[in-house]
6 protein chains.
Amino acid sequence: MRPSGRNLSEMRPISIETGVMRHAEGSCLIKVGGTHVLCSASVEEKAPPFLRGTGKGWVTAEYGMLPRATNTRNRREAAAGKQGGRTVEIQRLIGRSLRAGVDLRALGERQIVVDCDVIQADGGTRCASITGGWVALRLAMNKLIAADLVTSDPLLDNVAAVSCGIYAGQPVVDLDYAEDSEAGTDGNFVMTGAGQLIEVQMSAEGATFSRPQMTELLDLADAGVAKLVEAQKAAI
Amino acid sequence: MRPSGRNLSEMRPISIETGVMRHAEGSCLIKVGGTHVLCSASVEEKAPPFLRGTGKGWVTAEYGMLPRATNTRNRREAAAGKQGGRTVEIQRLIGRSLRAGVDLRALGERQIVVDCDVIQADGGTRCASITGGWVALRLAMNKLIAADLVTSDPLLDNVAAVSCGIYAGQPVVDLDYAEDSEAGTDGNFVMTGAGQLIEVQMSAEGATFSRPQMTELLDLADAGVAKLVEAQKAAI
Amino acid sequence: MRPSGRNLSEMRPISIETGVMRHAEGSCLIKVGGTHVLCSASVEEKAPPFLRGTGKGWVTAEYGMLPRATNTRNRREAAAGKQGGRTVEIQRLIGRSLRAGVDLRALGERQIVVDCDVIQADGGTRCASITGGWVALRLAMNKLIAADLVTSDPLLDNVAAVSCGIYAGQPVVDLDYAEDSEAGTDGNFVMTGAGQLIEVQMSAEGATFSRPQMTELLDLADAGVAKLVEAQKAAI
Amino acid sequence: MRPSGRNLSEMRPISIETGVMRHAEGSCLIKVGGTHVLCSASVEEKAPPFLRGTGKGWVTAEYGMLPRATNTRNRREAAAGKQGGRTVEIQRLIGRSLRAGVDLRALGERQIVVDCDVIQADGGTRCASITGGWVALRLAMNKLIAADLVTSDPLLDNVAAVSCGIYAGQPVVDLDYAEDSEAGTDGNFVMTGAGQLIEVQMSAEGATFSRPQMTELLDLADAGVAKLVEAQKAAI
Amino acid sequence: MRPSGRNLSEMRPISIETGVMRHAEGSCLIKVGGTHVLCSASVEEKAPPFLRGTGKGWVTAEYGMLPRATNTRNRREAAAGKQGGRTVEIQRLIGRSLRAGVDLRALGERQIVVDCDVIQADGGTRCASITGGWVALRLAMNKLIAADLVTSDPLLDNVAAVSCGIYAGQPVVDLDYAEDSEAGTDGNFVMTGAGQLIEVQMSAEGATFSRPQMTELLDLADAGVAKLVEAQKAAI
Amino acid sequence: MRPSGRNLSEMRPISIETGVMRHAEGSCLIKVGGTHVLCSASVEEKAPPFLRGTGKGWVTAEYGMLPRATNTRNRREAAAGKQGGRTVEIQRLIGRSLRAGVDLRALGERQIVVDCDVIQADGGTRCASITGGWVALRLAMNKLIAADLVTSDPLLDNVAAVSCGIYAGQPVVDLDYAEDSEAGTDGNFVMTGAGQLIEVQMSAEGATFSRPQMTELLDLADAGVAKLVEAQKAAI
């Protein structure tokens, strides 16, 4: 029933290649099916102004998409002179999600900027960004630990995200573009390795959804995130 | 336990005064406790470009906050030269939520812009905007119907929204600013009069949350939205 | 002869309600006929950079208009990405006018920002903003005096403003929108309670005006401002 | 008493050289004392959108200042990314003033853009811009007439402007920078060749002013503008 | 003598992998040493406005750099709200260079946008962008030819670019970052497969250069571009 | 053969008038044929942030063009809200070129901003800006030397620039607009008084060029710059 022939609960193939950007403290190229995102973590030895003197650090994220990552060329945001509403929303989500898994005090007064740049898009780019962004963050943290710059590991648990939605009346996991553009309801679940929820964003686009459907979507997310966490562990 | 002395499931007083802006096709001033939002609906007899010739209309929303709606003065966004990320996120949410309750084909090729301007803020401004914005939209639709510009009612059901969160370890509904700024998890539920879900946005800020907690929050939202829908019905 | 049936020298009804914004140090809702403006004064315990170390304070103003304050919806300036020329001109006028009635040295090194947001427009919004803005400023000054933060009253006199113009060949006071959009000449007079001039702005739009007409307009303004100052005194 | 040794009612030397820009339909370099402004008028055979099909034309103005026209270098507005509030105010004034002397219907559906660029500033740049801008406009109109593109002269009368103010307690005309920066009150009068008023802008900066002072300033302006109109006539 | 141990006339290893972006009409990943650039060509069936009705098409280019392509993270231009001067200069150069090898009439009224995004930077990013951008363009042209959308090949010859400079007093080719940041003079040569010059940009940064040195640099460029053209041919 | 009737190697008449801007430390009006540029040098007793504490100064440039400097009116960049790509490219070139002739250490920790504003354009505005900008810089340096603010002359040699190109198949020097807009190849050479090269920018627009042609262009530039340097010397 799914355009790709997948089962309702079947994820696309996941691949995570680390160390792909020579200059970054941590980096990876994550591929979830046809969605490819380059993630890098940059350590800056200076916290943002609102944290100066608090002993706490910060993790933030920026998101971008190459103009031709999509089927039709999108206008370059730098040329347009501003980041669109969708970009702003996504990068705030990535930053918030990653921070939920970080002990900012253990990080100390420094900032890590996670850049997620979509090289090729086929649905689920924000989820792939969170999942790959966490890997880049993990690698950068390892470097800080190895250099004795932090003493206890600032990362509390894995953080990963998967999209779910109601496509053709059925709850499905990890929607590709063909599903995403037709789904009556879709959204994203960000969770920890231990299965705690960090962020739930479910949105009706065409058809509202019921409490029982919400429960099914939560179940699908649980299983999907578990697979992503496995892939994160295998990559590091 | 709540700073306001309310029970965990107790909403703040709700008041909706209609017809407060002389020029708008629909308008109201909604007060949910200390949160006051002026909502107006403006009918434009022209659909946005991407809908020209489709026979379908559009509903969109814009959100603003007076600089001194808050405890400390906020910089005016018009002076800053752009809408902040938070504003963009909120107005996209309002627009999406209201559209979920509209039959855009029945509306015909016109656009309704719902403006939500926060006069005074005490938590939950986006939820009050959706709830009040729907009232303004309802009044504007009534005018279109009375003028025989639309033949079948484009509004499918009421749309209202409430915030929920986990404050001091307990699930609570309709958070005020004192709770909102301390909550470990909070978010918003947008629902229809019939209890269908339109939008679920739950976000951990400090502490992740579990599946059972998610269920409790959904229950609180159900009851809270029902109260708001009652207030909407009483106002019209 | 006037669309509203008023005499040439007749002001519209004036109402000033104070204390309408919970968080502001001073606030009021001023209504001059169908023109409604929310005014707030925000005290900031820091003077602008160019006054640091001089012992002098500053008063400045910002002006905005809700998109549907007018008959046809105006584009939101925050969304447009900048304040229009008209807005900039008006807020500079408000700030300059209010400062003319303030002893900046008595204020001390702090800044008061007066925000004037038009909720509903029917001509004369900049004059209502000055008149209402002064009330908000007065209330904020009272708070500073009550808290012993200033020792001598920084306000030298009342400041109020009225529009005058030549409509259908006749000099009239306090133009509403119907008159304003047709007047051959119109403008604004800002004056003190003692009748001194602060600002005279008279502008031909369609028909130039003569010295004798200028004298008549000055006479109308004198009487009009006196009424506004009475209303200010009654409100406080 | 005046820093320059001039009498209270004495203008600075005025010089207007025409035809200084090869490409413009009309141009001049106006010098009023140490204030030098390059003015050009550009005819565009297309009216702005709001006039299409009305048979009426438009005259508008833009104002700029070379970064080193002033004693201390000012930031280039193109580099700053926007025109400052002062610039916007000034160019709106120039446009409004010039239009008051134009029969827009006689002009026909075309637009004339008057550019006023200050090469050197010593007070009164906006007045020199209006006075010189009118000369450029006159020359461009002559070209349109000579080419039979307009049949009756669209210019109704000369338009010129002079600054007046209260300096050291005395009313003075045509303030230079030394006076301008110290004046308690100052402003600008725009008038026609026949002595009708187009624009009066008088503003207290430090000291309010009385009705009798206003009368004295109007008298000074009358005589000053007459001198400028003479210089305009001599130049053409 | 060179930090990398290369001879004065020795290029870095060149690799060009084609077909790396699923959605683009033409794409490649070019690596010149540690400089990696993703290039895509997007065909748009609409010429820019200034060419409508002329029967001619257009080729243009945009350039970007991932924030962490460099040793220290650079601010994302989309977040900064504009493209920097360097970016604008580079993308104008790329567009101009590629157009010099295209018969725009043979292309017909359509536009090809070449996007060059630097994934990793180690000197010479604009040259790699031109060389790789041409490959993407070639592949897109092949698609247009295969689809019978163009009848004669719009590409006149290969276009490739190499940097040259004077490092430690010696003329060298294909500078890496270590050389680039120390060179007294450096610049870029864009040439055709037949050895004709398209663009010469040589710039003294610290030390001026002589006519004989200019000749040596031209010789180095000749040989370097020949190698790049070979790599282009091998890739297609 | 040239539209102006000049020989292939014939420059247009050059005139340099100094001291034309009262407030600037150095200024001139340079005319190269119909191209007129006002150049000023402004000394700021503060180096840019990246040089603080290094003992070195900086020279930078800004470029602008009056809207009606050209045949058709150009949009004012300040009104457009940003400097175009061409402007940015040109001012970077002017700054880089002038700095190549300055000993920044001898200048000390101060900055000189050279503003070049084109009053009238007829081809070669960037070259005239560099040549005239150097004169303004020379005069400002003389003032610093006279005031004993610098002890050894920071200017190493004259800097001047000329355009060359291939017009109607022939190499020509100092192209006017008629030639510039038709040339198959054109560009600019910046050189010192001693004949060393600072910047070579040659660009094919329509027809590529050969090594022998490049040599001819270099020869033309040599002779042209020598003439300009003579004019600089005569002016000071």
Side-chain angles (χ1 to χ4, degrees), chain C residues 60-63 81-93 95-104 156-159 164 166 184-215 217-219 221-222, chain D residues 60-63 81-93 95-104 156-159 164 166 184-215 217-219 221-222:
Chain C
T60 189
E62 285 188 8
Y63 171 92
K82 66 170 187 167
Q83 297 182 302
R86 181 184 166 276
T87 294
V88 170
E89 235 179 75
I90 292 177
Q91 67 191 12
R92 282 163 60 96
L93 169 65
R96 227 159 49 222
S97 298
L98 294 177
R99 274 195 304 279
V102 179
D103 177 347
L104 296 172
L156 306 166
D157 197 351
N158 284 46
V159 174
C164 294
I166 298 173
T185 287
D186 72 352
N188 308 287
F189 294 85
V190 187
M191 300 177 68
T192 66
Q196 285 285 101
L197 291 156
I198 287 174
E199 188 94 25
V200 175
Q201 293 194 330
M202 201 50 53
S203 186
E205 315 212 344
T208 59
F209 54 107
S210 65
R211 279 291 294 273
Q213 286 179 314
M214 184 72 197
T215 302
L217 294 168
L218 281 157
D219 290 340
D222 245 0
Chain D
T60 188
E62 287 189 7
Y63 171 92
K82 65 169 190 167
Q83 296 181 303
R86 180 183 167 280
T87 294
V88 170
E89 237 179 73
I90 292 176
Q91 66 192 14
R92 282 162 60 94
L93 169 64
R96 228 161 44 223
S97 298
L98 294 177
R99 274 194 303 279
V102 180
D103 177 345
L104 296 172
L156 305 167
D157 196 352
N158 285 47
V159 174
C164 295
I166 299 173
T185 287
D186 72 353
N188 308 288
F189 294 85
V190 187
M191 299 177 69
T192 66
Q196 284 286 100
L197 292 156
I198 287 174
E199 188 94 27
V200 175
Q201 294 192 331
M202 201 47 54
S203 184
E205 315 211 345
T208 58
F209 54 107
S210 64
R211 281 288 295 270
Q213 286 178 314
M214 184 72 197
T215 301
L217 294 167
L218 281 157
D219 290 340
D222 247 0

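By convention in this document, chain letters (A, B, ...) are assigned in the order of the sequence lines, proteins followed by strands, and residues within each chain are numbered from 1.
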query = Tell me, side chain or backbone of C:T185 under 4.5 Å from chain D's heavy atoms, or both, or neither?
reply = neither

remark   = chain C shares the most heavy-atom pairs under 4.5 Å, among D:A100, D:S210, D:A207, with D:S210

remark   = From the list C:Q213, C:Q196, C:Q201, the residue making the most non-hydrogen contacts under 4.5 Å with chain D is C:Q196

ask   = Considering only heavy atoms, which portion of C:M191 lies under 4.5 Å from any heavy atom of chain D: side chain, backbone, both, or neither?
value = neither

query = Which heavy-atom pair separates D:E199 from C:F209 by the least distance, and what is that distance?
reply = N-CE2, 4.4 Å

query = So, do D:R92 and C:E89 sit near enough that their side-chain heavy atoms are less than 4.5 Å apart?
reply = yes

key: Residue selection (most heavy-atom pairs with chain C, distance under 4.5 Å) from D:R86, D:E205, D:R96, D:M202   = D:M202

key: Contacting moiety of C:T192, where chain D heavy atoms sit under 4.5 Å   = side chain

query = Is it the side chain or the backbone of C:Q91 that comes within 4.5 Å of chain D heavy atoms, both, or neither?
reply = neither

request  = Examine whether an atom of C:R99 lies under 4.5 Å from a heavy atom of chain D, and if so say whether it belongs to the side chain, the backbone or both; otherwise answer neither.
outcome  = neither

Non-hydrogen side-chain atoms of D:T215 and C:M214 separated by less than 4.5 Å = no

ask   = Relative to chain D, which segment of C:D186 carries a heavy atom at a distance below 4.5 Å: side chain, backbone, both, or neither?
value = neither

ask   = Do you know which of D:L218, D:V190, D:L197, D:D222 has the most heavy-atom pairs with chain C at a distance under 4.5 angstrom?
value = D:L197

